[in-house]
Amino acid sequence: INWYKKAAEQGDALAQYNLGVMYDKAMDALKDYKKAIKWFRKAAKQGLPQAQYNLGLMFANGHGVRKNHKEALRLFRTPAKQGLPQAQYNLGLMYAYGQGVQQSREEAITWIELAANQGYFKAQDFIQAQQKEDNKKKTAAKSAIFHSFLNIAISALIGWIIYLIINIKGEPVSAIQRGRKWLAITLFFTTLSMLSKFLINFNNEYLYQYIAISLALGLVALILGMF
């Protein structure tokens, strides 16, 4: 440590950074966050990316200084732009959780993917977890679409059968014709209702699929209503 102190005091940025790490990571009485910040700051001013990143961690975690996400974000950004994967990952996390900046999933994924592409395992794990979560959401959305239209079809069919039972009265052809028209109207307006709910509540990624099925049901309703 004496060698690092001498080199650090002479302005060696790498020695300043390493001295800061020793004070930050020490497990004994040597541990001193304030001294770590002092030396990280000196090395960061000389443009050392690792020092800028570590200083950002101190602000993000509130070690030796009041927690300040905006300052941490600022400190992470410079080394992230210079390609330091740890900084890219942590900058992405701050966007992911809206710490010190407006939450942005797109910005988060952009930075974390940059770190993952460099082999940073934490970033790779994060991307894999996000992909699994996205797949679950897609499966749930598709299932919701299918069950919505299944419910429409079953409800309309049951309603039509009940209508026929009540109205047949010796005129089966006429009753069936009226039943078809009733089914057509029910199917058409129920489809419009479900489509409006989708536009409000569902992910637009499935909008075209939903519209296609709606048009198909609408066509069925039109054909039924013509007879």
Side-chain angles (χ1 to χ4, degrees), residues 13-14 16-18 20-21 23-25 33-34 36-145 195-212:
L14 189 57
Q16 292 170 341
Y17 164 72
N18 285 320
V21 171
Y23 281 120
D24 180 26
K25 304 299 183 183
Y33 286 141
K34 291 191 179 296
I37 289 174
K38 170 188 172 182
W39 292 111
F40 284 148
R41 198 185 299 274
K42 288 180 179 293
K45 285 182 179 178
Q46 295 194 62
L48 192 68
Q50 295 91 335
Q52 294 166 339
Y53 164 68
N54 276 47
L55 186 58
L57 284 180
M58 304 299 278
F59 277 97
N61 297 321
H63 289 169
V65 67
R66 180 176 293 181
K67 186 178 289 188
N68 188 331
H69 287 137
K70 287 187 177 181
E71 182 64 11
L73 184 83
R74 185 187 71 81
L75 289 163
F76 287 149
R77 191 178 299 279
T78 299
K81 288 181 178 179
Q82 294 175 350
L84 189 69
Q86 301 95 313
Q88 292 170 338
Y89 172 69
N90 279 274
L91 182 60
L93 288 183
M94 299 196 80
Y95 275 106
Y97 300 117
Q99 296 176 328
V101 68
Q102 184 175 353
Q103 192 172 27
S104 171
R105 186 178 188 277
E106 292 76 15
E107 196 74 15
I109 294 299
T110 296
W111 286 109
I112 294 175
E113 279 185 342
L114 288 173
N117 291 338
Q118 295 192 66
Y120 191 61
F121 72 94
K122 288 184 178 180
Q124 293 172 338
D125 289 344
F126 183 92
I127 294 297
Q128 289 177 359
Q130 287 297 305
Q131 289 173 343
K132 288 181 180 179
E133 186 65 26
D134 289 345
N135 289 336
K136 286 182 181 179
K137 290 180 179 178
K138 288 178 180 179
T139 301
K142 289 179 179 179
S143 177
I145 292 172
L195 182 58
S196 67
K197 289 180 181 179
F198 172 79
L199 292 172
I200 295 171
N201 298 314
F202 278 76
N203 190 323
N204 285 336
E205 181 179 356
Y206 300 100
L207 177 60
Y208 294 117
Q209 296 178 28
Y210 211 96
I211 289 176

What closest approach, in Å, do D134 and R105 show between heavy atoms, and which atom pair accounts for it?
-> OD2-NH2, 2.7 Å
Just how far is it from atom CG of L14 to atom CD of Q46, taken to the nearest 0.5 Å?
-> 10.5 Å
Side-chain contact test, heavy atoms from C-beta onward, threshold under 4.5 Å: evaluate it for F40 versus D24 and give yes or no.
-> yes
State whether the side chain of Q124 and the backbone N or O of A116 hold a donor-acceptor pair below 3.5 Å, judged by distance alone.
-> yes
Distance from L55 atom CG to K42 atom NZ, nearest 0.5 Å?
-> 12.5 Å
Set of residues satisfying ring pair (Phe, Tyr, Trp, His ring centres under 6.0 Å) with respect to F126, sequence neighbours excluded = none
Rounded distance [0.5 Å steps], CG in L84 versus OH in Y120 | 8.5 Å
Within the side chain of Q103, is there an N or O that forms a donor-acceptor pair under 3.5 Å with the backbone of A96?
-> yes
In short, G100 meets L73 closest at the heavy-atom pair O-CD2, 3.7 Å
Rounded to the nearest 0.5 Å, what separation is found between the OH atom of Y33 and the OH atom of Y23?
-> 15.0 Å
Is there side-chain contact between T78 and Y53, with heavy atoms separated by less than 4.5 Å?
-> no
Which value, rounded to the nearest 0.5 Å, describes the distance between K67 atom NZ and Q99 atom CD?
-> 8.0 Å
Contact check, side chains of N54 and L75, non-hydrogen atoms, under 4.5 Å = no
Rounded distance [0.5 Å steps], NZ in K70 versus CZ in R74 | 13.0 Å
Is the closest side-chain heavy-atom distance between E113 and I127 below 4.5 Å?
-> yes
Hey, is the main chain of Q102 close enough, under 3.5 Å, to the side chain of E107 for a donor-acceptor pair?
-> no
